Number of protein chains: 2
Amino acid sequence: MTATNGEPPAVRQGAGRARVVLGLVGDKWSLLVVCHLDHGPRRFTELKRAVDGISQRMLTVTLRGLERDGLLTRTVHNVMPPHVTYELTPMGRTLYEATTPLLRWTTEHLADIDEARAEYDARAEYDIRADTPAARSAGNAPDR
Amino acid sequence: MTATNGEPPAVRQGAGRARVVLGLVGDKWSLLVVCHLDHGPRRFTELKRAVDGISQRMLTVTLRGLERDGLLTRTVHNVMPPHVTYELTPMGRTLYEATTPLLRWTTEHLADIDEARAEYDARAEYDIRADTPAARSAGNAPDR
DNA sequence: CAGCATCCCCCCGGATACTG
DNA sequence: CAGTATCCGGGGGGATGCTG
């Protein structure tokens with residue numbers, strides 16, 4: 001049904017997986033929470049402060065989602081004062097490990113990205129001012 | 001101002017990187033587009049059909065963002081009919097490579113996640129029906 | 001302390017129509 | 001073919017107030 005006529009199967013596989021990844025940790029907070037849990041179990045308010053910027057509501061929602069996916073466990077301790085700890089499951093830990101190449105990539109290329117953005121923005125600014133239609137349509141194709 | 005009092009530096013580093021990652025590919029489409037570009041340059045409508053479900057608008061927006069970040073190049077060919085090709089930059093390709101562990105992880109654990117969700121949902125269903133407050137507060141701590 | 005319920009705003013993103 | 005411009009609805013997510 002999906003008109004993926006000429007695409008090799010590997011492409012669709014990658015795309016499908018990407019969809020799932022985003023469904024898992026593509027939201028605004030899940031990955032952050034997982035990061036903070038990698039260093040051991042944490043309590044609710046610990047996470048609340050650590051993730052910094054997250055609201056109670058979103059922390060709860062995020063934790064529930066991750067728990068539902070089997071990525072972390074929620075443990076209620078019946079003491080006074082009562083507290084709850086969250087801890088990555090083995091699967092959750094493997095997820096974190098799978099993300100580390102991406103995290104490493106980010107730190108390594110952060111400067112490049114900033115530079116690229118600055119260049120792009122500067123170029124866009126120039127194009128607007130000079131209003132050079134030639135610059136957009138003419139042979140700006142790279143020679144390789 | 002950010003009350004990250006007790007956290008070891010490594011935690012904040014991970015969290016900071018995670019933020020950037022999400023800013024880059026955390027949106028709904030970027031990663032999908034990058035996946036489809038890994039197999040060589042593609043034209044606009046090729047991507048439009050391949051990514052399947054993406055609207056013209058979002059494809060344009062996504063491509064612009066990726067171009068701005070220096071992850072792909074946009075090349076206008078002045079022929080009839082005119083067409084434009086998009087291709088990953090070297091940096092874009094390294095990004096894709098950095099994501100592959102995550103993509104692999106997904107395929108490997110997809111079944112586990114589905115299972116965990118089904119279990120969680122079943123448990124939730126049961127809790128609602130039986131309305132067992134004890135089940136939520138009592139010692140349901142895992143024994144490991 | 002941990003978390004649910006409610007209200008509400010914003011903006012992501014889809015649909016449609018128009019251009020070079 | 002490859003966009004841009006405009007409208008607009010749904011839901012992500014923040015703020016606040018209340019429970020066990």
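Only a predicted model underlies this, so the values are computations on that prediction, with no experimental measurement involved. Protein chains get the first letters and strands the later ones, always in sequence-line order, with residue 1 at the start of each.
- Taking only side-chain atoms of T60(B), from C-beta outward, the nucleotide of dG3(C), dG3(D), dG14(D) with the closest atom is dG3(D).
- With the end axes of the helix from dC1(C)-dG20(D) to dG20(C)-dC1(D) each set by five pairs, the angle from one to the other reads 50° at 10° resolution.
- The backbone N or O of K48(A) sits nowhere less than 3.5 Å from a side-chain atom of T45(A) that would complete a donor-acceptor pair.
- Using modelled atom types, no side-chain atom of T85(B) and backbone atom of R42(B) make a donor-acceptor pair closer than 3.5 Å.
- Comparing H83(B) and S55(A) by the nucleotide of DNA chain D whose heavy atom lies nearest to each, the residue mapping closer to the 5' end is H83(B).
- Checking dG3(C), dG14(C), dC1(D) against the side-chain heavy atoms of R64(A) singles out dG3(C) as nearest.
- Residues forming a side chain to side chain donor-acceptor pair (under 3.5 Å) with E97(B) (at least two apart in sequence, or on another chain): none.
- Taking all atoms of both residues into account, the shortest heavy-atom contact from L59(B) to F44(B) is CD2-O, 3.6 Å.
- A search for side chain to side chain donor-acceptor pair (under 3.5 Å) contacts involving E108(B) returns R104(B), not counting sequence neighbours.
- Every residue two or more places apart in sequence or in another chain was checked for a side chain to side chain donor-acceptor pair (under 3.5 Å) with R43(B), and none qualifies.
- The side chain to side chain donor-acceptor pair (under 3.5 Å) test applied to D112(B) returns H109(B), not counting sequence neighbours.
- Nearest nucleotide to the side chain of R43(A), out of dA2(C), dA2(D), dT4(D): dA2(C).
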Could you encode protein contacts along nucleotides 5-12 of chain D as a string, one character per nucleotide from 5' to 3', using B for base contact, S for sugar-phosphate-only contact and - for no contact, with a heavy-atom cut-off of under 4.0 Å?
-B------

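- Within the 3.5 Å criterion, the main-chain N or O of L102(B) finds a donor-acceptor partner in the side chain of T106(B).
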